[in-house]
Amino acid sequence: MSSPAVLTSNVVTSDVVIIGAGAAGLMCALTAAGRGRRVLVLDHANKAGKKILMSGGGRCNFTNMYTEPADFLSHNPHFCKSALARYTQWDFIELVCKHDVPYHEKKLGQLFCDRKASDILQLLLVECSENGAEIRLDTAIEQIERTDAGYRLATSAGAVACQSLVIATGGLSIPTLGATGFGYQVARQFGHSVLPTRAGLVPFTVTDPQLKALCSELSGTAVDCLVSCNDKSFRENLLFTHRGLSGPAMLQISSYWHSGDSLAINLLPDRDALEWLAGQQAERPNIELKTLLGEVFTKKMAGLLCELWCASKPLKQYTPGELQAIAGQLSDWRLVPAGTEGYRTAEVTLGGVDTREVSSKTMESQKSPGLYFIGEVLDVTGHLGGFNFQWAWASGHAAGEVV
């Protein structure tokens, strides 16, 4: 267990200062303090772990049992491998079990708290406290400078000096929770490249009048689909909203979508649409198309799709060419979103500090010794389903072992 930061000559001195009391910052703090390092965590917010508390609908999807490097996007795809291999999902699950936090698998390896997200935050805070890491909230960082001994910070609560400085400030997602570009500013100050950022795991908006009307009419309706864009596909639920398209399928593919790209949506992912329609035409020639589609989707959705794509009539009245066109719409519905809802509702930020200038083993800057970057501020973004938390734990632990 470490001892608290020391006040000398009106300067608080600590071995390690971590800026950001989120998932990665707290993991780094408890790991470093557990090694006997004096650790001070600073955050401008009035509460630690705000994003943890609201994640997973308040239940916190804290990891994924099937975490692999392939579940992450980065301009440097090999970077995440070392940290993920050294602190795995099983290591975090062990910590969860140590604190008797009940949890369950929702689907696809996604692990959620049985009770509430605050169970995860609480276990991190307890570990920090027991190991002697100090957390100071409501503290703004006004200036950072490099010194012979490490770093010196001017903060709203006075001067702070440290040997190791860890940036765990996250990305730009959900500014109402206090997200800022502060980490990117620090990176640039010390000579780092910051790759272009954009919203990831975010709903799409639509402006096409017909499509907008469809989404609005079907708001709240979810449907299983396979969505593809830029050689990437996800099989999940699509959720229609008043603003456009959401649900796990859309959030996942949004990380691969760029402005102007079209989405290909297969609304019948478990069947060959043309084969199915032709078979139904032979067996039930008198059934109306919208009635048939109403057996697969909701009646409302079936009717609206017919209005959008083709007039509904008995199947026997469709020519082979018309049937093929309908099958094409059902299995390869092409649409171009107007954009996304942006950082306001995005779960993550794509891009960030270029990992080619950071050690994959220690998270230390290759430009400024003693400076570390962990978590979402780096150009590493996970898929939906607990992967971004696992990156926070793994990268925080990697830095915590060496700072």
Result block: side-chain N/O donor-acceptor pairs under 3.5 angstrom for residues 154-171, not counting sequence neighbours:
| residue | atom | partner | partner atom | Å |
| --- | --- | --- | --- | --- |
| Thr155 | OG1 | Ala157 | N | 3.0 |
| Thr155 | OG1 | Gly158 | N | 3.2 |
| Thr155 | OG1 | Gly158 | O | 2.7 |
| Ser156 | OG | Ala140 | N | 2.9 |
| Gln163 | OE1 | Arg37 | NH2 | 2.9 |
| Thr169 | OG1 | Gly183 | N | 3.4 |

Strictly by modelled atom types, are [X] and [Y] linked by a side-chain donor-acceptor pair under 3.5 Å?
X: Glu401; Y: Thr31; value: no
X: Glu357; Y: Ser193; value: yes
X: Asp261; Y: Asn230; value: yes
X: Glu364; Y: Ser359; value: no

Are [X] and [Y] within salt-bridge range, i.e. N to O under 4.0 Å?
X: Lys81; Y: Glu68; result: no
X: Arg136; Y: Glu134; result: yes
X: Asp119; Y: Arg59; result: no

Which distance, rounded to the nearest 0.5 Å, do you find between the [atom1] of [X] and the [atom2] of [Y]?
X: Asp43; Y: Asp138; atom1: CG; atom2: CG; result: 9.0 Å
X: Cys306; Y: Lys313; atom1: SG; atom2: NZ; result: 11.5 Å
X: Arg271; Y: Leu268; atom1: CZ; atom2: CG; result: 6.0 Å

I'd like to know whether the aromatic ring centres of [X] and [Y] sit less than 6.0 Å apart in this structure.
X: Phe92; Y: His397; value: no
X: Trp393; Y: Phe389; value: yes
X: Tyr184; Y: His192; value: no

*asked:* For Lys50, I'd like to know if atom NZ has over 12 heavy atoms of other residues, nucleotides or ligands within 6.0 Å.
replied: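 For Lys50, atom NZ is crowded (more than 12 foreign heavy atoms under 6.0 Å).
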_Is any side-chain heavy atom of Ile287 closer than 4.5 Å to one of Pro314?_
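SC-SC contact between Pro314 and Ile287 ruled out.
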*Between Lys367 and Phe190, is NZ or CZ placed under 6.0 angstrom from the six-membered ring centre and within 45° of the ring axis?*
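No, cation not above the ring by the 6.0 Å, 45° rule.
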